[in-house]
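Here the structure comes first, spelled out in structure tokens, and everything after it is commentary.
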Amino acid sequence: MHHLESQLTAQEIAHFFSGFQPELHSNPYPFYQRLRSEHPVVYLEDRWMWIVSKYEHVQSILKSPLMIRERERLLTEQERKELPPPRYQNIQSLVKDWMLFRDPPEHTRLRSHVAYAFTPKTLEQSRPKIYSIAESLADQLELNPDSNFMQTFAFPLPVVVIADMLGVPEEDREFFKKWSNTLAKLLDVSLMDDNFFEEADRSSAEIRDYFKQFVQARRKAPQDDIISQLIHVQQEEHKLSDEELINNCILLLVAGHETTVNLIGNGTKTLLEHPESYEMLAANPELTASAVEEMLRYESPVQFTNRVASVDVEYGGKLIPQKAEIIVNLGAANRDADYFHDPDVFDITRSKNRHLSFASGPHFCLGAPLARMEAAIAFEVLTRRFPHMTMGGRSPVWRDNVLLRGLESLYVKV
């Protein structure tokens, strides 16, 4: 992989996407650079999918109404009949209503209802609570100076925030850690084995049972939380079934915290690897919003997403046929020198920074304003409380995910 004079081979590209390899995925950016320059649009025969890595192509695919999520819509009646029944019924029952995997008009309907959870008013009401959670987690960091930052701060913050917004009691949040870690891997593009799917199927059943009971309880006794609001909307407008309500609340929990954990963890690691940036941010808190955008671009919490071509399309001189699956490489697009000045330089004052970490087009991340707010508060609190924070003695360890890029452990000295 390090012979820059030789062309990337199909096997090397397939190898990168076939599962987590520490030597490749701890720093995938040299590989991405070669992919962009040598194979900006490439077909992987053994995986029946196309990989697209240049910013202009990735953005165009994300925005195009010709690029869809539901491949079944393109199948003939006969092809549908020939599809094998889903092996894992509980997973299927959970993800079938996820707006993430639906196209308009269903996507639009589901999204418009769940959007009630992310209005500016709702978010502003959450701000004081997020501050107090961040401050108490910073207290924990101070009390346990040699703790794993991911466990002590980066993981609990978004979990407590989204659980609090949903109205989930504190004593149940440990379950969510397990369920969410497992279910987030359903979004990954690397290969998975039967053991994983059996565990994910169990988690799907458990979390759906939990939320069914939870929704019933809130229906009888509404409170000031998102689930009560969604039930109210559902009863008033009758546009959301119980199944859809439950499944999309679970999506909010899984997608809503996994990515923000990664944003806070990746951002902290990057800042500590660039101590001059950390000091600059500590001295100039007004740079926090800009710093968060640069963290999102430089170490994207979500590295890939996918679409299906609803018609034959051409990108980079290659014809992508109808029904083909396309993996769009967000992490590579965010380091494209044709679009970003010095893309491999981490610059918290970067002004032109229209990264694609929250995607683009109709599937632009619904939770982006919440993620940005949580990260901004986290870094404001960390740099104020610990202006001289540095890396701890142990090396950071990446989680073995390819699609969701995040750390298992990060040791810091406060």
Side-chain angles (χ1 to χ4, degrees), residues 123-124 126-161 257 259-301 334-335 340-353 355 357 368-398 405-407 409-414:
L123 293 182
E124 275 313 305
S126 303
R127 186 183 290 276
K129 184 77 194 226
I130 298 172
Y131 261 108
S132 80
I133 294 165
E135 293 284 3
S136 71
L137 293 173
D139 293 341
Q140 292 302 310
L141 270 181
E142 208 160 11
L143 291 170
N144 306 288
D146 193 36
S147 62
N148 175 359
F149 175 82
M150 299 307 295
Q151 284 174 354
T152 311
F153 190 97
F155 186 87
L157 179 69
V159 172
V160 174
V161 170
H257 95 258
T259 47
T260 312
V261 171
N262 293 350
L263 167 55
I264 294 169
N266 298 358
T268 302
K269 173 182 180 286
T270 307
L271 276 176
L272 296 181
E273 286 171 341
H274 299 81
E276 70 294 342
S277 297
Y278 191 90
E279 284 166 27
M280 186 195 289
L281 188 57
N284 304 278
E286 69 278 5
L287 287 174
T288 306
S290 155
V292 168
E293 295 310 304
E294 181 66 344
M295 293 165 197
L296 283 159
R297 181 196 73 81
Y298 189 83
E299 276 289 13
S300 316
N334 283 340
R335 298 274 192 120
F340 297 99
H341 177 66
D342 283 343
D344 295 319
V345 171
F346 180 67
D347 176 9
I348 64 170
T349 65
R350 188 180 291 275
S351 55
K352 187 189 173 200
N353 199 358
H355 60 76
S357 298
L370 176 62
R372 284 178 161 128
M373 185 162 90
E374 287 180 64
I377 290 171
F379 290 109
E380 196 271 301
V381 168
L382 289 169
T383 52
R384 173 168 47 75
R385 296 276 301 267
F386 313 119
H388 307 297
M389 184 157 77
T390 56
M391 279 285 198
R394 287 175 257 188
S395 295
V397 177
W398 291 100
R405 180 163 176 76
L407 292 155
S409 64
L410 174 69
Y411 286 87
V412 300
K413 288 197 181 98
V414 299

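Residues passing the side-chain contact (heavy atoms from CB on, under 4.5 Å) test with N353 are E293, E294, R297, F340, R350, H355, sequence neighbours excluded. K413 pairs by the salt bridge (Lys or Arg N to Asp or Glu O under 4.0 Å) definition with nothing, not counting sequence neighbours. Qualifying side-chain contact (heavy atoms from CB on, under 4.5 Å) partners for A134, counting only residues two or more places apart in sequence or in other chains: F153, L157, I377, V381. Every side-chain hydrogen bond (donor to acceptor under 3.5 Å, both in side chains) that T152 has, sequence neighbours left out, goes to S147. Partners of F155 under the ring pair (Phe, Tyr, Trp, His ring centres under 6.0 Å) rule, at least two apart in sequence or in another chain, are H257. In this structure, the salt bridge (Lys or Arg N to Asp or Glu O under 4.0 Å) partners of R385, at least two apart in sequence or on a different chain, are E135, D139, E142. For N262, the side-chain hydrogen bond (donor to acceptor under 3.5 Å, both in side chains) criterion is met by no residue, not counting sequence neighbours. For S126, the side-chain contact (heavy atoms from CB on, under 4.5 Å) partners are I130, M165, M373, not counting sequence neighbours.
Residue A371 comes nearest to L263 through the heavy atom pair O-CD2, 3.9 Å, listed as atom of the first residue, atom of the second, then distance. Shown here for A154 and G265, the closest heavy-atom pair between the two residues is CB-N, 4.1 Å. The minimum heavy-atom distance between Y298 and R335, with the atom names listed, is O-NH2, 2.8 Å.
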Check: residues 389-398 side-chain donor-acceptor pairs under 3.5 Å, at least two apart:
unit_1: R394; atom_1: NH2; unit_2: D146; atom_2: OD2; d: 3.1
unit_1: W398; atom_1: NE1; unit_2: S26; atom_2: O; d: 3.4

Contacts under 3.5 angstrom, residues 281-291 side chains, donor-acceptor by atom type, not counting sequence neighbours:
unit_1: N284; atom_1: ND2; unit_2: M280; atom_2: O; d: 2.8
unit_1: T288; atom_1: OG1; unit_2: P285; atom_2: O; d: 2.5
unit_1: S290; atom_1: OG; unit_2: I348; atom_2: O; d: 2.3

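Between M295 atom CE and S357 atom OG the span is 12.5 Å, to the nearest 0.5 Å. Rounding to the nearest 0.5 angstrom, the gap separating the CG atom in L407 from the CD1 atom in I264 is 12.0 Å. One distance of note links CG of L382 with CG of L141; it measures 7.0 Å at 0.5 Å rounding.
No side-chain donor-acceptor contact under 3.5 Å links N148 to the backbone of Y411.
Residues T260 and V161 form no side-chain contact, since every pair of their non-hydrogen atoms from C-beta on lies 4.5 Å or further apart.
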For E299 and R405, what are the C-alpha separation, side-chain angles and deciding distance, and is it a side chain to side chain contact (heavy atoms under 4.5 Å, CB included)?
-> CA-CA 8 Å; E299 276 289 13; R405 180 163 176 76; 2.6 Å; yes
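Listed by first and then second residue, the side chain to side chain donor-acceptor pair (under 3.5 Å) pairs involving residues 374-383 are Y131-E380, E380-R384 (not counting sequence neighbours). Sorted by first and then second residue, the ring-ring contact (aromatic ring centres under 6.0 Å, His included) pairs with a member in residues 368-393 form an empty list; sequence neighbours excluded.
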